[in-house]
Amino acid sequence: MSQLVLRGFRLWPLSWHFGMAHQIAGLVLLSLIVFGTITGVIIRTKYVASLREDLKARGESIAQSVARSIQRGAIRQDPASLGLLLKEFGQIHGVSYIAVLGQNGEVVAIGPQDAALEALGLAQAAAGDTPVVDLAVPVQSGMKGSVHVGVDLGVVEKGLEKVPAIVWRIVLVSILCAMSVAVIVYLSTIRPIYVLTESVRQIGQGRFPRAIPIRSRGELGMLARSLEQMSADLASYHEQLESKTRELELSKEELQRQNEEIRKAQSQMIRSEKFASMGQLAASVAHEISNPLAGILTYLKLIRRRLESGRMGEGQQETIRQYLVTMEKETERCGHIVKNLLDFAKSSEPDLREIDIHRVLDDTLFLLNFKLLMSDVLLEKRYEDVPLVAGDFGQLKQVFLNVIINAIEAMKGEERVLSIHTQFHRESQTVLVEIQDTGEGISEKNIYRVFDPFFTTKRGGTGMGLPVVYGILEKHNADISIDSQPGKGTKVTIQLNVANPRRVSRTNQEPTESRT
Ligand SMILES: Nc1ncnc2c1ncn2[C@@H]1O[C@H](COP(=O)(O)OP(=O)(O)OP(=O)(O)O)[C@@H](O)[C@H]1O
Ligand SMILES: [Mg+2]
C-alpha cells in the first residue's frame, strides 16, 4: 500500500487538538466574521456611492431651479438680488458654492460667501481632483450664461465617520447571534454527538448502556435509539458468550480430567501389554527351545543307558552315532533360534552411509547363487537408474537375504521365477526394491502374522526372518509391504530413502535387465 507523507506539514492540524464542538464553533465564528466584513465593505461602498449620487442630484436640481427662475424672470437679474438668492441656496448642506456666470464666464453673482469664489476657481481648474464637484446648467433666455453649483462630496466621507460605532454594534449583535447559534448547535448537535461517542466508547469497552439520553426525534435521536437496541443485543450476546465460556471452561476441565484418566489407563495398558508380549515371547522361546532340548535329553538318556548296560557292539555304536547326529542337528536348531532372537533383540543402530542398492542386491544374490541353482529358480533382474540410498550395507544384505530365501523356499511348483526390480520414486525421494516370486503365496489369515516373532509355516523354520527384516528397516526409517495371492506368488516391496535428495540427478537412464 502506498502512503503519502508530507514532511513538517500537517494537512489538518486542528483535528488533532480540538474536538468537533470547537471546530464547529470556530467555523461558525470565522464565517460570521468573514460574512460581516464582506457585508460591511459592500454596504459602505454602496452607501457612499448612493449618498454621492444623491448630493449630485440635489446640486443639479438647485442649479436647474435657479436657472429656471432666471429664465422666467422671476427674480431680478442684478447682482445684488441674485447674491441674496444664492446666499439662501448656499446655506444648503453639502453645497460649497452657487454662482451665476455671464455669457463670457464672468462671475455675475456668487454665494454663500466670498470664499466661494476661490472654491469655484479650484473646482473648475482641478476638474475632479478636489472633493468639490462643479455642476453647471445653462441659462437659455433672458440673461445668457450659466448657473454653477459646487457640491462638496467630502461631506459624505465626514458623515461616515459615525459608521464605526454602527459597525461595532453590528459586530456585537453578530457575536451575540453567533453565540446563540453556537449554543443551539451545541445543544441540538454537538452534545448528542458527544453522548453518542461516549456510548460507543462504553460499548467498545464491554459496558453496555441501557439508555442513551438523547430525546430528539431527528436523525441523532434515531441513531441513539438504534444504538440502544444494538447495546441491548450486544449485552445479551455478551452474557450468552460468557455463560458459554464458563461452560467451555468447565468442559475443558472435565476433558483434562478425562484425558488424565485415559493417560493413566493407557500407561497401565502399555505396561500390561509389555508384560504380556514379554510373556508371549518367553513362552514362544521356551516352546521353540524346549522341543529340541527334550529331544537331546531323550537321546542323552538313551546313550547313558546303552553305556551303563555295557553292551556296545557294532550295531550299538551306529545307533549311538545316529543319536549324536540328531542331537547335533537339534543343538544347531537351538543355536539358530537363539542367534535369530539375539539379532532381533539387539538394537544395533545402523551405520548409515551412501550405498549403491544394486551392489547390496548383487552381493546377496552371489551368496544365494548355489541355493538358486539347487532350487532350479530362474532369476530376472530389472535394475533402473536409481540414486544412492542411505543404509547400512551389512544390515540391508541381511534384509534381502531373508526375503529372497523366503521367496525361494516358497516356490515348489513348476514355475519358479524370482524377479527383482529397482526403481526411483521421485515424489517421495525413495528407491523401491520389489522382490517377486511365483511361489505358493500367503493366505489371508496368515498375512497379518508374518511379522510376528516365531510365526512360521515351515518345518524347521524359526519365524524370526521377517521380524528381523522389519526391525532393521524400521531403524532405516524405511518401509516394507507384502502383497500376496495364494497359489500365484508374493511381492515384497521395500522402500528406502535416497541418501541425498538434493543431489539426485533428474535424468533417467534405460533400465538394465538380465535373466539367469
Ligand atoms: N515369499 C513368501 N511366500 C510365501 N510365504 C512367505 C513368504 N515370505 C514369508 N512367508 C511366510 O511367512 C512366514 C514367516 O517368515 P519368516 O521369514 O519370518 O520365518 P520363516 O521363513 O518361517 O523361518 P526362518 O526365516 O527362520 O527360516 C513363513 O513361515 C511363511 O509362512
Ligand atoms: Mg524366513
Side-chain angles (χ1 to χ4, degrees), residues 277 280-281 283-293 329-346 361 364-365 367-368 370-372 374-381 394-422 432-476 478-495:
S277 51
Q280 242 179 3
L281 196 71
S284 306
V285 174
H287 175 75
E288 289 300 317
I289 292 180
S290 66
N291 282 347
L293 278 180
K329 272 189 189 162
E330 291 301 291
T331 315
E332 269 173 7
R333 182 165 148 69
C334 281
H336 192 47
I337 290 170
V338 171
K339 186 188 164 294
N340 272 340
L341 197 65
L342 282 176
D343 280 348
F344 179 65
K346 99 175 155 207
L361 283 165
T364 314
L365 290 168
L367 288 178
L368 295 170
F370 183 70
K371 194 169 173 73
L372 284 166
M374 293 307 290
S375 310
D376 201 15
V377 170
L378 176 70
L379 174 67
E380 278 182 359
K381 282 196 301 184
Q395 288 190 4
L396 288 184
K397 214 160 97 173
Q398 200 181 346
V399 165
F400 294 133
L401 210 61
N402 276 319
V403 173
I404 295 171
I405 288 175
N406 278 349
I408 297 170
E409 285 175 354
M411 290 187 281
K412 289 171 186 131
E414 286 290 296
E415 202 194 352
R416 297 181 186 184
V417 183
L418 173 71
S419 327
I420 301 177
H421 176 206
T422 61
L432 303 184
V433 182
E434 291 169 354
I435 298 165
Q436 191 159 12
D437 63 61
T438 52
E440 60 194 7
I442 308 168
S443 71
E444 222 172 288
K445 180 168 66 85
N446 288 346
I447 197 145
Y448 299 104
R449 304 179 60 197
V450 292
F451 291 110
D452 287 351
F454 302 114
F455 173 77
T456 181
T457 53
K458 298 172 197 170
R459 270 196 65 205
T462 64
M464 286 303 292
L466 287 181
V468 168
V469 165
Y470 189 85
I472 291 173
L473 291 179
E474 202 179 26
K475 289 216 164 62
H476 278 70
D479 274 341
I480 179 167
S481 61
I482 300 183
D483 291 311
S484 187
Q485 279 186 301
K488 289 202 169 164
T490 303
K491 181 166 89 174
V492 178
T493 308
I494 292 166
Q495 201 166 1

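First listed ligand is number 1; within each ligand, the first listed atom is number 1. Residue indices begin at 1 and follow the sequence shown.
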Is the shortest heavy-atom distance from the side chain of [X] to the side chain of [Y] under 4.5 Å?
{"X": "I494", "Y": "F400", "result": "yes"}
{"X": "N406", "Y": "V492", "result": "no"}
{"X": "L372", "Y": "L365", "result": "yes"}

Distance check, rounded to the nearest 0.5 Å: [X] atom [atom1] versus [Y] atom [atom2]?
{"X": "Q495", "Y": "H476", "atom1": "CD", "atom2": "NE2", "answer": "14.5 Å"}
{"X": "D376", "Y": "K412", "atom1": "CG", "atom2": "NZ", "answer": "15.0 Å"}
{"X": "I289", "Y": "E330", "atom1": "CD1", "atom2": "CD", "answer": "12.0 Å"}
{"X": "Q395", "Y": "L401", "atom1": "CD", "atom2": "CG", "answer": "13.5 Å"}

Would a distance-only check, ignoring hydrogens and angles, find a side-chain to backbone donor-acceptor pair under 3.5 Å from [X] to [Y]?
{"X": "T438", "Y": "E415", "answer": "yes"}
{"X": "R333", "Y": "P292", "answer": "no"}
{"X": "S375", "Y": "V377", "answer": "no"}

I need the nearest protein heavy-atom contact for [atom]: residue, atom name and distance, please.
{"atom": "atom 12 (O) of ligand 1", "value": "V450 CG1, 3.3 Å"}
{"atom": "atom 19 (O) of ligand 1", "value": "G463 CA, 3.2 Å"}
{"atom": "atom 5 (N) of ligand 1", "value": "I442 CG1, 3.3 Å"}
{"atom": "atom 13 (C) of ligand 1", "value": "F455 O, 3.9 Å"}
{"atom": "atom 16 (P) of ligand 1", "value": "L466 N, 3.6 Å"}
{"atom": "atom 30 (C) of ligand 1", "value": "T457 OG1, 3.4 Å"}
{"atom": "atom 21 (O) of ligand 1", "value": "K458 NZ, 2.7 Å"}

Which one of T364, V469, I472, V403 satisfies the side-chain contact (heavy atoms from CB on, under 4.5 Å) criterion with Q398?
I472

Please determine whether N406 has a backbone or side-chain N, O or S atom lying under 2.8 Å from the Mg ion (ligand 2).
yes

Atom indices of ligand 1 within 4.0 angstrom of [X] heavy atoms, with elements:
{"X": "G461", "value": "23 (O)"}
{"X": "P467", "value": "18 (O)"}
{"X": "T456", "value": "20 (P), 22 (O), 29 (O)"}

Within the structure, does E409 bring an N/O atom to less than 3.5 angstrom of an N/O atom in ligand 1?
no

Heavy-atom nearest neighbour of atom 8 (N) of ligand 1 within options I408, N406, L401
N406

Out of A407, G465, A410, indicate the one that has the non-hydrogen atom closest to atom 3 (N) of ligand 1.
A410

Side chain, backbone, both or neither: the part of D437 lying under 4.0 Å from ligand 1 by heavy atom
side chain

Under 4.0 Å between heavy atoms, the region of T462 that gets near ligand 1 turns out to be both

Contact between S484 and ligand 1, counting heavy atoms under 4.0 Å?
no

Run the contact test for G441 against ligand 1 with a 4.0 Å cut-off on heavy atoms, strictly below, and give the result.
yes

